[in-house]
Amino acid sequence: MSKYTVIVSRRADEMLIRHARFLAQVRVSAAKRMTAEFAKVLDTLEQNPFQFPAETDYNLPDGAYRKALFSKWYKVIFSVSGDTVYLDAVLDCRQDNTDYQPK
């Protein structure tokens, strides 16, 4: 049974779709693997989001966000409030994300 409710923002959903679409143009199996690993991250967030480390990016408020890495190059940025996990972004770590700001 899930302990936490995970809410994926529209922005994060769009980011995931863009990343999967790009991967599918290169190799469909890679896109399927990435989305499957993302689903595993969601399942883990439902059980215990605090097992993931705090995000230390200097552009983000100190201690407000946590990160979950998956599929070698991707990172989920999320915050926890009570029993709700708010997933704000899915970033490709191979890209320059220094201008990322949560909304």
Side-chain angles (χ1 to χ4, degrees):
M1 179 130 193
S2 302
K3 297 179 185 177
Y4 294 86
T5 301
V6 178
I7 297 175
V8 179
S9 72
R10 177 173 288 169
R11 182 178 182 194
D13 191 45
E14 290 169 355
M15 293 169 122
L16 178 67
I17 290 168
R18 258 186 276 131
H19 297 315
R21 186 178 295 136
F22 172 78
L23 275 178
Q25 291 174 349
V26 177
R27 185 177 297 143
V28 172
S29 61
K32 288 180 180 180
R33 188 171 43 253
M34 187 268 284
T35 55
E37 288 189 31
F38 177 77
K40 288 179 186 177
V41 168
L42 291 179
D43 291 340
T44 305
L45 288 173
E46 288 179 345
Q47 298 306 314
N48 180 12
F50 294 103
Q51 68 181 301
F52 296 105
E55 177 58 86
T56 57
D57 187 309
Y58 66 91
N59 288 322
L60 300 174
D62 231 10
Y65 290 92
R66 302 181 88 73
K67 66 181 173 185
L69 303 174
F70 70 101
S71 196
K72 291 185 184 178
W73 297 296
Y74 297 94
K75 174 170 58 172
V76 169
I77 304 292
F78 64 93
S79 60
V80 182
S81 178
D83 62 352
T84 305
V85 177
Y86 297 97
L87 199 150
D88 292 326
V90 179
L91 303 174
D92 184 340
C93 295
R94 297 171 292 181
Q95 297 175 343
D96 180 14
N97 294 304
T98 57
D99 62 346
Y100 169 74
Q101 290 292 319
K103 290 186 177 179

Gap between atom CH2 of W73 and atom CG of L91 - 0.5 Å precision
16.0 Å
Between Y4 and the options T44, T84, V80, the side-chain contact (heavy atoms from CB on, under 4.5 Å) test singles out V80
Is it the case that more than 12 heavy atoms not belonging to N48 sit under 6.0 Å from its CG atom?
yes
Which distance, rounded to the nearest 0.5 Å, do you find between the CG of L23 and the OG1 of T35?
9.0 Å
As a test of understanding, state which of L42, I77, V41 forms a side-chain contact (heavy atoms from CB on, under 4.5 Å) with L87.
L42
Would you confirm whether R33, through its side chain, and S71, through its main-chain N or O, come within 3.5 Å as a donor-acceptor pair?
no
What heavy-atom pair brings A20 and A31 nearest, and what distance separates the two atoms?
O-CB, 3.5 Å
Is there a side-chain contact between Y74 and L69 in this structure, where contact means two heavy atoms from C-beta onward sitting under 4.5 Å apart?
no
The single option from H19, R11, K75 passing side-chain contact (heavy atoms from CB on, under 4.5 Å) against V90
H19
Could you label the plane-to-plane angle of the F78 and F52 rings as parallel, tilted or perpendicular, counting under 30° as parallel and over 60° as perpendicular?
perpendicular
Interatomic distance, CZ@R18 vs CD@E14, rounded to 0.5 Å, equals 6.5 Å
Output the distance between atom CG (D83) and atom CD (E46), rounded to the nearest 0.5 Å.
12.0 Å
As an exercise, state the distance from CG of D88 to CE of M15, rounded to the nearest 0.5 Å.
9.5 Å
Between Q47 and K3 the two heavy atoms that sit nearest each other are O-CD, 3.6 Å
Got a sec: does the CZ of F50 have more than 12 other heavy atoms crowding it under 6.0 Å?
yes
About how many Å separate CZ of R27 and CE of M34, when rounded to the nearest 0.5 Å?
14.0 Å
